[in-house]
Amino acid sequence: LDRSKRPPTWEPYRRVPLAKDGQSAVALPTKRTVISGPTPQVRHALDLYRAVPGYASAREDRVLMALWRRVTGRQAGRSPLGVAVARFPEGMRDRMGKRLGLKAPPVRGALRLSAATWITLRGFLDFPSRAAASVALKRLQGAVQAVGRSRVARRLGITALLSLLKVHPEGGRLHLQWFAPTKRVDPYLTRLVPLLRAVAPKPPARPAGKKRLR
């Protein structure tokens with residue numbers, strides 16, 4: 001903690017003294033143990049220390065494990081190219097809420113990417129309530145429309161691809177689906193790669209006078 005600033009505020013978390021200073025925190029679970037780092041990670045470490053049900057292990061979160069089985073199981077189709085499942089910590093949810101203007105940001109998420117003759121992208125977002133999911137759906141629709149009207153989207157001609165995104169509300173969960181034939185996506189990737197090369201940092205120049213070893 002930065003001692004040049006005002007003293008940090010101490011508060012109990014899981015019956016453990018915890019001091020917060022900006023985005024960092026320090027906890028003292030025992031007389032000889034100190035945990036320091038970003039606040040969400042410190043809190044998660046205390047969850048593990050206290051073995052809090054539903055927080056101590058991802059396997060204890062039945063909804064999270066159900067999401068994992070849904071995007072990796074046999075019913076999801078052939079083996080995916082990539083899968084990500086996460087429970088969003090409190091700090092991340094706070095940042096998401098401020099950036100997206102959501103009072104109740106999502107608590108879990110899952111993403112599945114498959115690619116063969118078709119490129120398929122499926123996503124799931126779990127919200128605290130049906131009302132929170134409904135608000136997020138409206139914000140998501142507005143964001144997609146704004147991206148479709150942007151100069152970059154018009155330059156790449158990806159407005160048609162954005163129209164392929166489908167969102168289905170399922171109570172407090174949003175189910176996102178996007179799929180298109182690979183042949184249809186290839187021309188857009190051909191346009192995107194030169195732009196990525198243009199903005200990518202260039203490798204440092206080799207010092208003059210040094211010969212390349214063979």
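Side chains included, hydrogens not; waters and symmetry mates left out as well; all remaining heavy atoms used.
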Side chains of Pro169 and Leu174 in contact at under 4.5 Å (non-hydrogen atoms): yes
Distance, nearest 0.5 Å, that separates NE2 of His175 from CD of Gln177: 4.0 Å
Arg112 side chain vs Arg122 backbone, donor-acceptor pair below 3.5 Å: no
Same apolar cluster (I L V M F W Y, side chains within < 4.5 Å links), Leu176/Val107: no
Path from Val167 to Leu125 over hydrophobic side-chain contacts below 4.5 Å: yes
Derivation of the side chain to side chain contact (heavy atoms under 4.5 Å, CB included) call for Leu111 and Val71: CA-CA 7 Å; Leu111 190 66; Val71 296; over 6 Å; no
Arg50 to Arg15 - nearest heavy-atom pair and separation: NH2-O, 3.5 Å
Side-chain touch Met96/Pro106, heavy atoms, less than 4.5 angstrom: yes
Report all side-chain donor-acceptor pairs from residues 129-146 shorter than 3.5 Å, counting only partners two or more places apart or in another chain.
from   : atom 1 : to     : atom 2 : distance (Å)
Ser129 : OG     : Ala132 : N      : 3.2
Arg139 : NH1    : Leu100 : O      : 3.1
Arg139 : NH1    : Gly101 : O      : 2.4

Straight-line distance of Ile119 CD1 to Lys183 NZ, nearest 0.5 Å: 13.0 Å
Heavy-atom closest pair, residues Ala25 and Thr39: CB-OG1, 3.6 Å
Sidechain-backbone polar pair: Ser36 side chain, Val26 backbone, donor-acceptor under 3.5 Å: no
Closest non-hydrogen atom pair between Ala110 and Val85, with its separation: CB-CG2, 3.9 Å
Rounded distance [0.5 Å steps], CG in Asp126 versus CD in Glu170: 9.5 Å
Shortest non-hydrogen contact from Pro105 toward Pro128: O-CD, 3.5 Å
Over all atoms of both residues, closest heavy-atom pair of Leu46 and Pro29: CD2-CB, 4.4 Å
Side-chain touch Arg14/Tyr49, heavy atoms, less than 4.5 angstrom: no
Pairwise distance OG1(Thr72) to CG(Leu67) - rounded to 0.5 angstrom: 10.0 Å
Linked, directly or transitively: Tyr13 and Val34 (ILVMFWY side chains, under 4.5 Å): no
Gap between atom CZ of Arg93 and atom CZ of Arg87 - 0.5 Å precision: 12.0 Å
Joint hydrophobic cluster, Ile35 plus Leu18, side-chain heavy atoms closer than 4.5 Å: yes
Within one Ile-Leu-Val-Met-Phe-Trp-Tyr cluster: Val63 and Phe88, side-chain cutoff 4.5 Å: no
Sidechain-backbone polar pair: Trp178 side chain, Leu161 backbone, donor-acceptor under 3.5 Å: yes
Set of side chain to side chain donor-acceptor pair (under 3.5 Å) partners for Thr9, sequence neighbours left out: none
Parallel, tilted or perpendicular, as decided by the 30° and 60° cut-offs, for the rings of Trp118 and Phe179: tilted
Closest approach of Val83 to Trp68 (non-hydrogen atoms, all atoms of both residues): CG1-CZ3, 3.7 Å
Atom pair CG/CG of Leu81 and Leu113 - distance to nearest 0.5 Å: 5.0 Å
